[in-house]
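Notes for the one structure printed next.
So that the names make sense, note that chain A is the first sequence line, chain B the second, and so on, each numbered from 1.
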2 protein chains.
Amino acid sequence: MRPTMKDVASAAGVALKTVSRVVNDEPGVHPATAERVRTAIDRLGYSRNESARVLRRGTTATIGLVIEDVADPFYSGLSRAVEDVVIEHGCLLLSGSSGEEPGRERELVETFCARRVDGLIVVPAGADHTYLRSELETGTPVVFADRPPGAGIDVDTVLTDNVGGAGQAVRHLLGHGHRRIAFLGDDPAIFTAAARLHGYREALGGLFDERLVSMRSPSPEAVRADLTGMFALDDPPTALFTGNGRYTVTTLRALAGRRVALVGFDDFELADLLDPGVSVVAQDPSWMGRVAAELLFRRLRGDGGPPEHIQLPVRLIARGSGELLL
Amino acid sequence: MRPTMKDVASAAGVALKTVSRVVNDEPGVHPATAERVRTAIDRLGYSRNESARVLRRGTTATIGLVIEDVADPFYSGLSRAVEDVVIEHGCLLLSGSSGEEPGRERELVETFCARRVDGLIVVPAGADHTYLRSELETGTPVVFADRPPGAGIDVDTVLTDNVGGAGQAVRHLLGHGHRRIAFLGDDPAIFTAAARLHGYREALGGLFDERLVSMRSPSPEAVRADLTGMFALDDPPTALFTGNGRYTVTTLRALAGRRVALVGFDDFELADLLDPGVSVVAQDPSWMGRVAAELLFRRLRGDGGPPEHIQLPVRLIARGSGELLL
DNA sequence: GTGAAAGCGCTAACAG
DNA sequence: CTGTTAGCGCTTTCAC
């Protein structure tokens with residue numbers, strides 16, 4: 001039904017190999033012959049079967065990307081940047097969302113490996129990546145982005161300066177006179193959440209009070225309940241540090257206009273249009289994606305050096321909410 | 001280097017076909033034999049070569065999705081929904097961003113077809129889809145989402161009620177006393193932009209004034225310039241209707257607090273937190289994704305009925321900005 | 001239950 | 001410049 005090279009060959013009255021040459025722009029085909037072949041290709045509506053080509057050549061020109069959720073602006077920004085780099089290199093991107101489930105992460109990685117991707121970029125959901133070992137031994141380069149791999153796997157990583165960023169946020173609030181600074185963030189099982197908690201705690205020093213820490217689901221109810229609890233304390237927080245974009249937004253909603261200083265980790269659209277503007281410690285998701293993808297292609301080009309561990313800086317953007325004085 | 005079924009077979013002391021049976025969970029293998037095979041698979045770190053399988057079977061269990069830009073929340077929401085449905089059906093998703101370039105759209109579609117996707121979901125950037133004809137004849141189902149295909153191609157579509165939604169927005173503003181209602185939107189070459197302009201114009205009737213229409217790039221500068229021009233008129237607009245989420249946000253920024261009524265097409269995060277809250281005509285991108293994907297899988301299951309044209313309704317959400325009285 | 005042989009559509013290696 | 005042959009790793013068909 002679908003025409004093959006053989007069909008094109010007989011239609012053009014040449015050997016199969018000649019068609020292959022034309023299709024692949026290989027030199028050494030007489031222009032007239034090439035033209036005849038191209039005509040036959042157009043007439044039959046021929047399109048090369050990539051699976052057959054991959055099977056024969058052993059390389060797929062495909063990169064796999066595992067993220068947490070495409071619908072999250074951080075990851076969709078990262079995705080887009082990865083896609084652009086992948087395209088620049090003439091490759092195709094295979095991507096999937098783990099939904100923060102380790103099992104799904106692994107399934108995706110294994111599916112991608114079964115499709116013989118040339119390389120992988122992974123934002124891990126799980127903490128055990130020993131399942132990657134045989135693939136790594138086969139020589140497939142893997143870059144971890146946003147979060148590092150579990151113990152025992154030493155590969156390239158591109159991470160944000162989470163500890164430093166959290167410290168910057170807290171010191172900013174301290175500098176504006178606050179001493180009761182709460183932290184709302186994800187479950188510390190998530191690497192970035194734990195790192196940001198660490199930076200927060202370190203910067204606070206003796207001012208740390210575990211009653212001002214809430215790390216659980218970013219559901220409106222949970223955030224609201226925890227905030228209510230904190231504000232009911234004898235010495236309630238006068239400032240908040242939120243651990244990621246989702247928490248910042250949920251917290252803003254839960255605050256319902258209450259006047260508290262706030263600095264959030266992650267920038268988000270419209271942060272400048274709120275009143276007051278929301279001060280944030282901004283990451284650059286597309287930078288992360290680009291750096292990870294470029295590192296991967298460097299490996300693909302044969303760079304066999306030791307694993308690199310890149311840390312991207314963050315930038316504090318003051319817009320008002322973090323500058324409310326005590 | 002990478003182990004094949006043949007390697008597993010000799011390691012387990014069975015024939016290649018037996019390994020194939022085990023890998024594919026085919027019945028009729030003695031449990032003990034199967035166990036021996038599985039052990040060999042684990043020991044060698046075998047993973048089936050999907051390209052070889054695809055070549056032989058002729059079906060890829062892969063769906064292709066072409067959108068405009070993953071980094072746009074509308075399309076990333078749609079993507080995620082498509083991905084979920086695709087996963088439910090045990091398939092893999094191949095997706096790419098056209099960046100609103102017809103050439104890129106076509107390249108993506110052709111790349112996906114060369115990879116022999118079982119079906120395609122396309123948010124077109126171009127207006128000519130005759131290049132799809134041979135693929136359609138081959139029997140590959142294609143669903144267009146958000147925008148219809150160009151002339152001469154009759155396939156399934158899943159669109160939003162753009163005309164109706166724009167009308168709803170305009171009538172809402174008319175109902176609050178406004179008579180000078182401006183429209184800011186994308187280039188009318190984009191289907192949705194043209195449809196929304198049409199709905200706007202129809203609802204305005206005799207009140208339509210082309211000086212109150214701005215349809216060009218959503219750059220802050222362009223929007224600001226056009227708004228300045230409109231407000232300098234003798235009878236300036238007292239209300240705005242923005243043609244999509246990007247325009248709404250850009251416009252809000254350009255307004256810099258000026259008191260004008262506004263209804264935007266597309267909902268967006270934080271619309272409720274601004275002051276006043278931003279009234280919108282909301283689409284549901286994940287609903288659109290889900291509907292398109294389910295329709296595609298219905299076709300893949302053999303539903304050969306005539307092309308379906310699904311129109312999804314919109315919902316007006318009043319939050320304050322659209323209810324400012326004249 | 002198990003296996004041998006053919007062949008999916010292509011490219012690599014070598015002839016002419 | 002053009003053609004022939006072998007074989008990538010798998011599934012299908014049929015035989016035992």
Side-chain angles (χ1 to χ4, degrees), chain A residues 1-38 40-41 44-62 111 113-118 135 138-139, chain B residues 1-38 40-41 44-62 110-111 113-118 134-135 138-139:
Chain A
M1 32 165 288
R2 215 187 255 273
T4 72
M5 272 194 182
K6 206 172 140 194
D7 299 326
V8 175
S10 50
V14 296
L16 184 132
K17 177 70 225 196
T18 302
V19 180
S20 172
R21 287 202 179 91
V22 173
V23 169
N24 296 299
D25 288 319
E26 279 172 36
V29 178
H30 193 90
T33 316
E35 205 35 51
R36 217 147 27 96
V37 170
R38 263 187 277 274
I41 286 177
L44 299 179
Y46 170 78
S47 125
R48 178 173 63 195
N49 183 324
E50 215 56 34
S51 302
R53 170 172 227 242
V54 162
L55 176 58
R56 186 61 242 237
R57 301 201 41 179
T59 170
T60 56
T62 305
T111 307
C113 291
R115 307 248 169 173
R116 299 292 184 264
V117 291
D118 294 335
E135 191 65 26
T138 309
Chain B
M1 32 166 293
R2 218 188 254 273
T4 72
M5 272 195 182
K6 204 172 140 194
D7 301 325
V8 174
S10 49
V14 296
L16 186 134
K17 175 68 228 196
T18 302
V19 179
S20 171
R21 288 202 178 90
V22 172
V23 168
N24 295 299
D25 288 319
E26 280 172 35
V29 178
H30 193 90
T33 316
E35 204 35 51
R36 220 152 19 101
V37 170
R38 263 187 277 273
I41 287 176
L44 298 179
Y46 169 78
S47 125
R48 177 173 62 195
N49 184 324
E50 214 58 30
S51 302
R53 170 172 228 243
V54 163
L55 176 58
R56 191 56 243 241
R57 301 199 41 178
T59 169
T60 56
T62 305
E110 285 175 346
T111 308
C113 290
R115 306 245 170 176
R116 299 292 184 263
V117 290
D118 295 334
S134 70
E135 191 66 26
T138 310

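Residues passing the side-chain contact (heavy atoms from CB on, under 4.5 Å) test with B:Thr59 are B:Arg57, B:Asp118, sequence neighbours excluded. A search for side-chain contact (heavy atoms from CB on, under 4.5 Å) contacts involving A:Ala15 returns A:Thr18, not counting sequence neighbours. For B:Thr111, the side-chain hydrogen bond (donor to acceptor under 3.5 Å, both in side chains) test picks out no residue, with sequence neighbours left out. Every side-chain contact (heavy atoms from CB on, under 4.5 Å) that B:Thr4 has, sequence neighbours left out, goes to B:Lys6, B:Asp7. For the side-chain hydrogen bond (donor to acceptor under 3.5 Å, both in side chains) test, no residue two or more places apart in sequence or in another chain qualifies with B:Arg36. With sequence neighbours excluded, the residues that form a side-chain contact (heavy atoms from CB on, under 4.5 Å) with A:Arg38 are A:Val22, A:Ala34, A:Glu35. Among residues two or more places apart in sequence or in another chain, the side-chain hydrogen bond (donor to acceptor under 3.5 Å, both in side chains) test is passed with A:Arg21 by none.
Spacing between atom CG of A:Asn49 and atom C1' of C:dG7 amounts to 14 Å, rounded to whole angstrom units. Residue B:Arg116 contributes atom CZ, which lies 9 Å from atom P of C:dG9 at whole-angstrom precision.
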- Check step by step if side chain to side chain donor-acceptor pair (under 3.5 Å) holds for A:Ser47 and B:Arg116. CA-CA 9 Å; A:Ser47 125; B:Arg116 299 292 184 263; 3.0 Å; yes

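Residue contacts shown for B:Val54 are absent, as no nucleic acid heavy atom lies under 4.0 Å away.
Across all their heavy atoms, B:Ser134 and A:Gly45 have their closest contact at OG-O, 4.3 Å. Closest non-hydrogen pair, A:Thr60 versus A:Val117, comes out as OG1-CA, 3.7 Å.
For A:Glu135 and B:Arg2, the salt-bridge test passes: some basic side-chain N is under 4.0 Å from an acidic carboxylate O.
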Could you go through nucleotides 11-15 of chain C and list every protein N or O atom that sits under 3.5 Å from one of its N or O atoms, giving the distance for each pair?
residue	atom	partner	partner atom	Å
C:dT11	OP1	A:Asn24	OD1	3.4
C:dT11	OP1	A:Asn24	ND2	3.3
C:dT11	OP1	A:Arg53	NE	2.9
C:dT11	OP2	A:Ser20	OG	3.0
C:dT11	OP2	A:Asn24	ND2	3.4
C:dT11	O2	A:Arg56	NH1	2.8
C:dA12	N7	A:Lys17	NZ	3.4

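A 4.0 Å heavy-atom criterion places the boundary nucleotides of DNA chain D facing chain B at D:dG9 to D:dT13, written 5' to 3'.
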Listing, residues 24-33 of chain A side-chain donor-acceptor contacts under 3.5 Å, not counting sequence neighbours, or none:
residue	atom	partner	partner atom	Å
A:Asn24	OD1	A:Arg48	NH1	2.4
A:Asn24	OD1	A:Arg53	NH2	3.2
A:Asn24	ND2	A:Ser20	O	2.8
A:Asn24	ND2	A:Ser20	OG	3.4

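Only one option out of A:Val37, A:Val19, A:Ile41 pairs with A:Met5 in a side chain to side chain contact (heavy atoms under 4.5 Å, CB included); it is A:Val19.
Over its length, the helix from C:dG1-D:dC16 to C:dG16-D:dC1 turns its helix axis by 30°, as judged from the five terminal pairs at each end, rounded to 10°.
Near DNA chain C, meaning a heavy atom under 4.0 Å away, the residues from residues 28-37 of chain B are B:Gly28, B:Val29, B:His30, B:Thr33.
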